[in-house]
Amino acid sequence: MKLAPEKALTHHRVRLVISYICDVLYFAALLYALSFYLYFVANGGILQGDIILAIAQTNPREALTYLETSFSGTQLAVFSVALLAILTGGWFITRVFHRTYSKTDSNMNNQTSQQIITGRIFRTVSSLFIIFFMGVMSLGILVQSGKGYGCQAKQVLAFSCYMLRSYGDFVKNRDIALKNIQFSGAVSSGDQEKGVYVLIIGESATRNHLSLYGYKHDTTPRMRERISENKDNFRFISFRNAYSSFTHTVQSVTNALTNVNQYNGEDLSHAVSIIDIAGKAGFDTYWLSNQSGDSMIVTPLTAISMSADNIKFVSESHKGGKIFDLDILDIVPKKFNIEKDSLVIIHLMGSHTKYLDRFPEDFSRFFDEEDIINEYDNSIYYTDYVVDRFFQHFSANTNLKFFGYFSDHGADPRQMGNDHNTTHFVFDMVRIPFIVGFSEKYIQQNDTIVSTLSQRIDTCFTNDLIFDLMLSVMGLTSSNYYNSSYDLSSNSYSINMENARTLLGEKKISEDPDYGLNTK
């Protein structure tokens, strides 16, 4: 029995809607599979969750730079052709199938029948590709030996979804977390005179390329001089076995600035930052950055920076031309409130790709290696100059008590485009410089902290423990979030080469084949 015209029309629309939904899901699966395959062809490794997150955490300008440095023009052309083929195939299948959906066999001509057959062949072949891809990935056949961190398709989705959900919870729970901050005793750094604490966060600087740690190019003459001579009534300490907790900025800096680390199992969704605790203790807080304040998703790092009392980005005030890290000096406040302590966090672009864009032309100093190494070393040389200029400025114009510098993570410049990519992980990507300095007056009143740190220059340290060290330095150990076992300046410090971790706890620092070799 034939359906009534109205029922037939309704039935056809329902089938059409279901067909469209299936097509969308089908092509999403095809694009997902193809993205893994093309990434594998281009980079010799499996697309991982941290790569997806890194792309989501960046802005369009940085994403374009990543594409330029990671893929050749030929590879980008192949990717574009493949994407165009998928979209064209999708248009073809949708047009043919939906145009002929209500036709009966008697109404179909030979051309229409051939189109449907061609469409079915296209769909069958691509379906087989998806099935093959999922099978290979689930079996782990493409996982490189010893480098299987988060590689399988299911793990990638699970990791990405988990991190994105935790990011959202961190932002959503900010007010609750702030209310939980308490102090069990006095808040004091041992000095009634208020002062300034400066913490500089570098970018992609591996200590393997700092002459301070024995590198052949003299990339850090100023740091080396200050540490050896303790000039300007300031005592500097350089730590020789410092590592990053991860190879990407958002995760590593978020862990560095919050109570979440690789060892305590704390949940990011209820975390608090150094800025939060300092602010609650009465500090004026500052976030000055040469990194962009916008990204495709809201990250914990964005939320942390936005919680400062004073927030400035160079890109918002710079008028045209290239922006370099020294331009941050233009946004440093002229005066600080002398009746309050101040915490100033400065976020550099450092040695972020492209290296050639990170330093002015007159800082081109090294020419004896391949171009990519010379450019990277020049960027380190410029960072050394920038950090020294910041120190000169703050020591001359404020009551500077503390001055520190560490990098978010390292890099392997020979792997341009993958220089801090876990797919091609080497320990250069997590070996970082870490330097702290104290004024003579601070040392007189906090001798135990400084003397303990001086004795631990060879002790293993990961930068997700910056949080507890900074609370100690700023006299905020009475906070309910402070843990002395993660404080490098405490006698209770419990991290060593055997239990220290990186890659968010997945890899042991003791696996570093060159551990301790660059100490001197």
Side-chain angles (χ1 to χ4, degrees), residues 50-51 53-71 200-210 219-220 244-254 256-257 287-296 299 301-302 305 313-316 318 321-328 345-361 363-364 366 371-387 390 405-424 426 428-433 463:
D50 55 89
I51 303 300
L53 285 175
I55 294 171
Q57 291 160 359
T58 191
N59 56 57
R61 178 175 54 83
E62 292 178 351
L64 181 60
T65 299
Y66 171 77
L67 290 175
E68 291 174 350
T69 56
S70 300
F71 304 100
I200 298 180
I201 304 172
E203 169 70 52
S204 301
T206 179
R207 67 170 182 267
N208 293 34
H209 284 251
L210 273 69
T219 53
T220 52
S244 173
S245 65
F246 201 59
T247 61
H248 290 289
T249 300
V250 171
Q251 291 94 329
S252 65
V253 177
T254 296
L257 300 183
W287 184 275
L288 311 175
S289 178
N290 188 22
Q291 300 218 12
S292 176
D294 61 326
S295 61
M296 289 183 250
T299 70
L301 190 52
T302 304
S305 65
F313 295 91
V314 177
S315 58
E316 295 175 353
H318 199 271
K322 282 189 176 181
I323 302 175
F324 298 109
D325 282 336
L326 194 60
D327 292 324
I328 297 176
I345 297 180
I346 299 173
H347 197 188
L348 307 179
M349 279 297 283
S351 299
H352 193 290
T353 53
K354 297 178 178 180
Y355 312 137
L356 191 60
D357 293 339
R358 303 304 163 216
F359 57 91
E361 188 176 347
F363 279 84
S364 295
F366 307 108
D371 288 346
I372 195 66
I373 300 301
N374 290 328
E375 291 168 6
Y376 183 78
D377 289 353
N378 287 331
S379 72
I380 298 290
Y381 180 67
Y382 179 64
T383 296
D384 176 66
Y385 172 76
V386 169
V387 171
F390 277 123
Y405 163 73
F406 74 96
S407 184
D408 57 353
H409 51 77
D412 179 10
R414 295 186 187 278
Q415 299 190 62
M416 183 61 167
N418 292 304
D419 58 351
H420 57 99
N421 185 333
T422 53
T423 304
H424 302 271
V426 293
D428 302 52
M429 298 178 184
V430 291
R431 297 189 195 112
I432 60 170
N463 65 1

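Keep in mind that what you see is a predicted model, and the values were worked out from it rather than measured.
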Mind checking whether Leu348 and Asn290 have side chains closer than 4.5 Å, heavy atoms only? no
Any side-chain to backbone donor/acceptor pair from Asn378 onto Ser364? Under 3.5 Å, distance only. no
Give the ring-plane orientation class for Phe363 versus Tyr385, where under 30° counts as parallel, over 60° as perpendicular and anything between as tilted. tilted
What is the distance from atom OG of Ser351 to atom OH of Tyr381, rounded to the nearest 0.5 Å? 14.5 Å
How about Thr249 and Asp408: does a side-chain donor come under 3.5 Å of a side-chain acceptor? yes
Which atoms form the tightest heavy-atom contact between Ser252 and Ser245, and what is the distance? CA-OG, 3.7 Å
Run the numbers on Asp419 and Tyr355 for side chain to side chain contact (heavy atoms under 4.5 Å, CB included), then give the verdict. CA-CA 11 Å; Asp419 58 351; Tyr355 312 137; 2.6 Å; yes
Keeping His420 on the side-chain end and Thr247 on the backbone end, is there a donor-acceptor pair under 3.5 Å? yes
Is a donor on one side and an acceptor on the other found under 3.5 Å between the side chain of Asn463 and the backbone of Val253? no
Write down the atom of Ser305, the atom of Phe313, and the distance for their closest heavy-atom approach. OG-CZ, 4.4 Å
Parallel, tilted or perpendicular: rings of Trp287 and His347 (30°, 60°): perpendicular
When rounded to the nearest 0.5 Å, the distance separating CZ of Phe359 from CG of Asp325 is 12.5 Å
Main chain of Asp377, side chain of Thr219: is a donor-acceptor contact present, judged purely on distance under 3.5 Å? no
When you measure from the side chain of Asp428 to the backbone of Gly410, do you find a donor-acceptor pair of N or O atoms at a distance under 3.5 Å? no
Sub-3.5 Å donor-acceptor pair from the side chain of Thr254 to the main-chain atoms of Gln251, do we have one? no
Taking all non-hydrogen atoms of both residues, which atom of Ser204 and which atom of Tyr376 are closest, and how far apart? O-OH, 2.6 Å
Hey, what do you get for CZ (Arg207) to CD1 (Ile380), rounding to the nearest 0.5 Å? 13.0 Å
Got a second to check how far Leu210's CG is from Arg431's CZ, nearest 0.5 Å? 13.0 Å
Side chain to side chain, Met349 and Ile323, heavy atoms closer than 4.5 Å: no
Minimum heavy-atom separation for Asp357 to Lys322, with atom names? OD1-NZ, 3.3 Å
Can you tell me how far the CG atom of Leu257 sits from the CD1 atom of Ile345, to the nearest 0.5 Å? 5.0 Å
Hey, could you give me the OG/CZ distance between Ser379 and Phe366, rounded to the nearest 0.5 Å? 10.0 Å
Nearest heavy-atom approach of Pro433 to Tyr405 is CG-CE2, 3.8 Å
Side chains of Arg358 and Thr383 in contact at under 4.5 Å (non-hydrogen atoms): no
Indicate yes or no for a side-chain donor-acceptor contact from Glu203 to the backbone of Ser407 under 3.5 Å, with no hydrogens or angles considered. no
Is the backbone N or O of Met429 less than 3.5 Å from a side-chain atom of Asp412, with the two atoms forming a donor-acceptor pair by type? no
Does the side chain of Val386 come within less than 4.5 Å of Ile200's, by heavy atoms? no
